[in-house]
Each structure stands twice: as C-alpha cells, then as structure tokens.
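Below is one structure, written out as structure tokens, with a few remarks after it.
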Amino acid sequence: MREPLPADMFDELCPSSLNPIRFGDKWAPLIIRCLEHGPRRFSELRVPLRRVTPKVLTQSLRSLERDGLVKRTVYAEAAPHVEYELTPLGRSMLKPMAVAYAWAAEHWDELLDARESYDNDTQLDRVG
C-alpha cells in the first residue's frame with residue numbers, strides 16, 4: 001500500500017505557491033521572452049502575442065509585476081504612455097527558461113507524437 005500524500009504538502013508557506021511561472025498562465029513565459037531585450041509598450045507586446053486578448057495580457061502583466069518580475073513605468077509626457085520591462089529578478093528567469101526551451105526543442109517530435117497518439121486513442125474511445 002502506498003503512503004498517503006501529506007495534507008500540508010502545499011501549505012501556504014510552501015515555495016511552490018511562489019512559483020512565478022504559473023502553469024495556468026501560459027502567457028507569462030512568452031511575455032518574459034518579449035521583454036528580454038528591453039522595455040516594450042503594451043501595443044508592441046500585442047504583436048507577437050496576438051492570440052492573447054488584451055484583458056488576459058493585462059492580467060498576466062499585473063501578475064508578473066506583483067511577483068516582482070516586471071516593472072511598469074508610466075510616462076506622463078505630451079503623449080502619455082506605459083512601458084513594461086524586466087526587473088533584475090525577472091531577468092534571472094531567462095536562464096532557466098532557456099533550459100526549458102532547449103528541452104522542448106530536443107523533445108519536440110516526441111511531444112507531438114505523444115499528443116497525436118493520445119488524441120487518436122481518445123477519439124477511438126469516444127467512437128467505440
């Protein structure tokens with residue numbers, strides 16, 4: 001018999017609750033990559049992130065700002081605008097993310113094959 005999982009495994013003080021790259025927020029790592037080479041305006045981020053709605057992009061940016069990974073600067077000039085940039089803490093995410101991207105590139109075909117196989121098996125289960 002297996003040992004049960006501890007009830008306090010993910011206690012609110014657990015470091016996993018501080019994970020800045022939440023699996024539910026698929027846009028966070030993409031935003032970080034967009035800011036890798038310097039500050040960007042919201043409209044600039046919208047170009048490569050065109051699949052994300054403005055509302056969700058705003059929520060992701062706020063979340064990253066709350067976690068201290070992104071800094072939001074408001075310029076109150078004749079033409080006011082806002083820019084987003086990585087903080088030093090945000091920049092420290094670039095190296096581990098590069099490792100994850102390299103892993104995905106190395107295993108790309110296996111990942112696609114696994115998804116295709118799963119989808120095909122799931123379709124057969126529904127039909128049969």
Side-chain angles (χ1 to χ4, degrees):
M1 179 190 266
R2 287 188 285 203
E3 190 173 318
L5 293 171
D8 64 349
M9 185 173 174
F10 298 113
D11 145 358
E12 61 185 72
L13 297 179
C14 174
S16 66
S17 67
L18 294 175
N19 184 358
I21 303 303
R22 292 167 187 79
F23 292 104
D25 185 356
K26 67 181 181 180
W27 303 111
L30 302 179
I31 292 168
I32 290 171
R33 284 291 302 269
C34 289
L35 297 174
E36 183 175 2
H37 298 294
R40 297 288 179 175
R41 291 182 178 196
F42 187 87
S43 59
E44 292 178 283
L45 295 172
R46 293 275 298 136
V47 174
L49 299 171
R50 62 189 168 279
R51 295 178 319 201
V52 62
T53 65
K55 177 183 175 184
V56 172
L57 179 55
T58 297
Q59 289 170 340
S60 294
L61 284 163
R62 285 183 182 156
S63 178
L64 290 167
E65 185 179 6
R66 181 176 184 251
D67 289 338
L69 301 175
V70 168
K71 177 184 170 196
R72 178 180 185 266
T73 305
V74 178
Y75 295 93
E77 300 168 351
H81 66 279
V82 174
E83 287 185 346
Y84 298 91
E85 65 182 310
L86 291 176
T87 63
L89 184 61
R91 290 208 155 281
S92 73
M93 290 295 299
L94 293 171
K95 193 171 184 178
M97 285 173 52
V99 171
Y101 291 139
W103 179 89
E106 182 180 335
H107 297 283
W108 187 257
D109 290 334
E110 294 167 80
L111 292 167
L112 291 177
D113 290 346
R115 284 184 180 183
E116 184 178 344
S117 176
Y118 177 87
D119 291 346
N120 289 337
D121 289 349
T122 304
Q123 256 184 345
L124 288 175
D125 286 346
R126 286 188 199 145
V127 173

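Note that these values count all heavy atoms, side chains included, but never hydrogens, waters or copies made by symmetry.
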Which value, rounded to the nearest 0.5 Å, describes the distance between [X] atom [atom1] and [Y] atom [atom2]?
X      : Y      : atom1 : atom2 : answer
Thr73  : His81  : OG1   : NE2   : 9.0 Å
Trp27  : Ser63  : CH2   : OG    : 15.0 Å
Met97  : Lys95  : CE    : NZ    : 14.5 Å
Glu116 : Asp121 : CD    : CG    : 10.5 Å

| Within residues 41-51 or reaching into it, pairs that qualify as salt bridge (Lys or Arg N to Asp or Glu O under 4.0 Å) - sequence neighbours excluded | Arg40-Glu44
| request: List for me each residue that meets ring-ring contact (aromatic ring centres under 6.0 Å, His included) alongside Phe42, sequence neighbours excluded, and say none if there are none. | output: none
With a 4.5 Å limit on heavy-atom distance, are the side chains of [X] and [Y] in contact?
X      : Y      : value
Tyr75  : Val82  : no
Glu110 : Leu112 : no
Leu86  : Leu94  : yes

| task | Under the side-chain contact (heavy atoms from CB on, under 4.5 Å) rule, collect the residues that match up with Lys55, sequence neighbours excluded. | result | Thr53, Gln59
Mark yes or no for whether [X], through its side chain, and [Y], through its backbone, hold a donor-acceptor pair below 3.5 Å.
X      : Y      : answer
Asp67  : Leu69  : no
Ser60  : Ala28  : no
Ser117 : Ala114 : no

Are [Y] and [X] linked, directly or through intermediate hydrophobic residues, by side-chain heavy-atom contacts shorter than 4.5 Å (ILVMFWY only)?
X      : Y     : answer
Trp103 : Ile32 : no
Leu57  : Val74 : yes
Val56  : Val47 : no

| query | Going through the checks in order, is the side-chain contact (heavy atoms from CB on, under 4.5 Å) test met by Leu45 and Tyr84? | reply | CA-CA 9 Å; Leu45 295 172; Tyr84 298 91; 4.3 Å; yes
| remark: Shortest non-hydrogen pair, Arg91 vs Gly38, comes out as NH2-N, 4.1 Å
| request: Work out which heavy atom in Thr87 is nearest to a heavy atom in Gly68; give both atom names and the distance. | output: OG1-O, 2.5 Å
| query | With a cut-off of 6.0 Å (strictly less than), are more than 12 heavy atoms of other residues, nucleotides or ligands near CZ of Arg62? | reply | no
| query | Among Val52, Leu64, Asp25, which one satisfies side-chain contact (heavy atoms from CB on, under 4.5 Å) with Ile31? | reply | Leu64
